[in-house]
Amino acid sequence: MPLTIASLNINSVRARPHIVEQLVAARPVDILCLQETKCADAEFPRALFERLGLRHLHLHGQRMHHGVAIASRVPLAPVARHDWQANGEARHIAVRLQSGIVLHNVYVPAGGDIPDREANPKFGQKLDFLARMTDWSGASTEPAILVGDLNIAPLPEDVWDHRALLDVVSHTPVEVEALGHLQASHGWCDLGRRFVPPPQRLYSWWSYRARDWDASDRGRRLDHIWCSPALVDSSRSVETLRAARGWPKPSDHVPLIATFDL
DNA sequence: ATGGTCGAAAGTCGA
């Protein structure tokens, strides 16, 4: 039996129950990893997930901003809630699958608009978040899967216009380098690109501000599914569910769906 | 160079 893991920046879980329902109706999701749930754990819409069979909930939320959650058909064991900025923001939750594999669900800070540490502290915080994750990841040897909104589109084919976005936060060389260090620290395999290699374009986010997101197609690949080297041969597929961007009241991100034989 | 759109929250900010 394949195991299906989906990851989605839902941009408020309370505002978008219909997106969760449509996703689960469209694909056989076993474990759903959400980012930007934007609610405290006490406000989390538990009944929605229980009704959909995703009754094992592991929450790391906060009021208003950020927040990550894992909803699963299969039991999971809690592992950690990391705070790489030591500022209380809820951005990283980890659980253990019955097979022993650890699943990390991460929401990397967006980093503000100006790609300069001095002019924009949020940009420095994003780079520091990645550096602290890199230290942790380099020391970790157990087989793991890491999913989430990493808020960086690393490859030229991950954005609609590489040259135009070189100074736009999410695609600047310094961010791409930082993400590269994180990836190299553990030998993480970028499964999105294992199954959809360049020069194919692959996006997971389209701005709300576009007049016609589909026609202009000015997307970026901000969302990722990575796995440890030991798990690469167990991975079977990764799909970016582009159609979800056209669903009613969508998130600006679409789900990534990975299957593994584990 | 600007604004375009969302959500949560209050009458603005972060994305």
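Chain letters run A, B, ... following the sequence lines, proteins first, then strands; residues in each count from 1.
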How close or far is atom [atom2] of [N] from atom [atom1] of [X], stated in whole angstroms?
X: A/Asn120; N: B/dG14; atom1: CG; atom2: C1'; answer: 11 Å
X: A/Asp113; N: B/dA1; atom1: CG; atom2: P; answer: 15 Å
X: A/Arg220; N: B/dA15; atom1: CZ; atom2: C1'; answer: 11 Å
X: A/Trp206; N: B/dA15; atom1: CH2; atom2: P; answer: 21 Å
X: A/Gln125; N: B/dA15; atom1: CD; atom2: C1'; answer: 15 Å
X: A/Gln35; N: B/dA15; atom1: CD; atom2: C1'; answer: 14 Å

A/Trp205: hydrophobic cluster co-members (side-chain, 4.5 Å): A/Leu222
Partners meeting ring pair (Phe, Tyr, Trp, His ring centres under 6.0 Å) with A/Tyr107 (sequence neighbours left out): none
Integer angstrom distance from the [atom1] of [N] to that of [M]:
N: B/dC6; M: B/dA10; atom1: P; result: 22 Å
N: B/dT5; M: B/dA9; atom1: P; result: 22 Å
N: B/dA1; M: B/dG11; atom1: P; result: 32 Å

Contact letters for nucleotides 4-10 of chain B, in which S counts primed atoms plus P, OP1 and OP2 and B counts the base, heavy atoms under 4.0 Å: BBSSSSS
Identified side chain to side chain contact (heavy atoms under 4.5 Å, CB included) counterpart of A/Phe129 within the set A/Val106, A/Thr134, A/Leu182: A/Val106
With a 3.5 Å cut-off and sequence neighbours excluded, list the donor-acceptor pairs that the side chains of residues 145-155 of chain A form with protein atoms.
residue  : atom : partner  : partner atom : Å
A/Asp149 : OD1  : A/Asn151 : N            : 3.0
A/Asp149 : OD2  : A/Asn9   : ND2          : 2.9
A/Asn151 : ND2  : A/Val108 : O            : 2.8

Qualifying salt bridge (Lys or Arg N to Asp or Glu O under 4.0 Å) pairs with a residue from residues 46-73 of chain A, counting only residues at least two apart or across chains: A/Glu21-A/Arg51
All side-chain hydrogen bond (donor to acceptor under 3.5 Å, both in side chains) counterparts of A/His18, not counting sequence neighbours: none
